[in-house]
Amino acid sequence: MDPLTLKEADAIVDATLSKAREMNLNPMCVAVVDQGGHLICLKREDNTPIIRPDLAIAKAWTAVAFGISTADMEERAKQRPWFIGALADMPSGKIVPVAGALPIRRGGALIGAVGATGAQATDDEVCCRAGLEAAGLAS
């Protein structure tokens with residue numbers, strides 16, 4: 001399977017931010033990671049709080065690590081909080097079980113993830129989905 005490219009990652013981020021502007025959301029930060037959780041692209045809008053880049057990366061990392069949306073992780077955390085608590089320290093605090101990130105798939109294979117932060121978590125996810133759709137990729 002072809003890996004996620006910088007050009008694709010950049011297109012995902014730009015389309016995600018474009019959707020946020022269309023929805024008139026607070027300033028956003030969007031990150032795309034590859035299948036190993038390594039950062040490919042990060043953009044932070046003006047006046048975004050300083051924690052947003054770390055949070056966007058952690059959301060994306062969580063989605064790729066588990067191969068599911070962080071909204072699904074949030075539901076799992078509600079059902080099994082002890083499990084998420086046990087995981088919290090393992091990968092240097094990168095697990096963020098809060099909606100706003102989606103895995104990225106090509107032909108059904110996991111190739112990365114996109115994470116966004118700045119708005120309500122459900123709106124973050126709506127923006128991420130728009131980014132994937134604009135790039136012709138699926139979650």
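Residue P27 comes nearest to T48 through the heavy atom pair CB-OG1, 3.4 Å, listed as atom of the first residue, atom of the second, then distance. Pairing each heavy atom of P49 with each of P53, the nearest pair is O-CD, 3.9 Å. Considering every non-hydrogen atom in both C41 and A9, the closest pair reads CB-CB, 3.9 Å.
Hydrophobic clustering, with ILVMFWY side chains joined whenever heavy atoms are under 4.5 angstrom apart, keeps V33 apart from L6. I51 and I57 are assigned to two separate hydrophobic clusters, defined by single-linkage of ILVMFWY side chains at heavy-atom distances under 4.5 Å. Hydrophobic clustering (side-chain heavy atoms under 4.5 Å, transitive across Ile, Leu, Val, Met, Phe, Trp, Tyr) groups V98 together with L55. By the criterion of side-chain heavy atoms lying less than 4.5 angstrom apart, applied directly or through intervening Ile, Leu, Val, Met, Phe, Trp or Tyr residues, I68 is grouped together with L87 in one hydrophobic cluster. If you chain together hydrophobic residues whose side chains sit under 4.5 Å apart, L17 and L132 fall into the same group.
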Determine all donor-acceptor pairs shorter than 3.5 Å in which one atom belongs to a side chain in residues 99-107; sequence neighbours excluded.
residue	atom	partner	partner atom	Å
R105	NE	S139	O	3.2
R105	NH2	G67	O	2.5
R106	NE	D2	O	3.2
R106	NH1	E8	OE2	2.8
R106	NH2	P3	O	3.2
R106	NH2	E8	OE1	2.8
R106	NH2	E8	OE2	3.2

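A77 is linked by a side-chain contact (heavy atoms from CB on, under 4.5 Å) to I84, P97, counting only residues two or more places apart in sequence or in another chain.
Contact annotation: the side chain of I95 approaches that of W61 to within less than 4.5 Å [non-hydrogen atoms, C-beta and beyond]. Between I40 and L4, some side-chain heavy-atom pair lies under the 4.5 Å cut-off. Between C29 and L42 the shortest side-chain heavy-atom distance falls below 4.5 Å. Side-chain contact between L110 and F66 is absent, with no heavy atoms from C-beta onward closer than 4.5 Å. Within the 4.5 Å cutoff, no side-chain heavy atoms of K19 are placed close to those of L25. Between R44 and M28, the closest side-chain pair of non-hydrogen atoms is not below 4.5 Å.
Rounding to the nearest 0.5 Å places CD of E74 at 9.5 Å from CD of E125. Note that CG of L39 and CG of D34 are 9.0 Å apart. Values are rounded to the nearest 0.5 Å.
Checked for salt-bridge contact, E133 and R129 miss the test: no charged N lies under 4.0 Å from a carboxylate O. Using a 4.0 Å cut-off between charged side-chain N and carboxylate O, E45 and R52 make no salt bridge.
Between the side chain of T62 and the main chain of T70, no donor-acceptor pair closer than 3.5 Å is present. Of the possible donor and acceptor atoms, one in the side chain of D124 sits under 3.5 Å from a partner among the backbone N and O of A119.
The side chain to side chain contact (heavy atoms under 4.5 Å, CB included) test with V30 is passed by exactly one of T16, I12, T117: T16.
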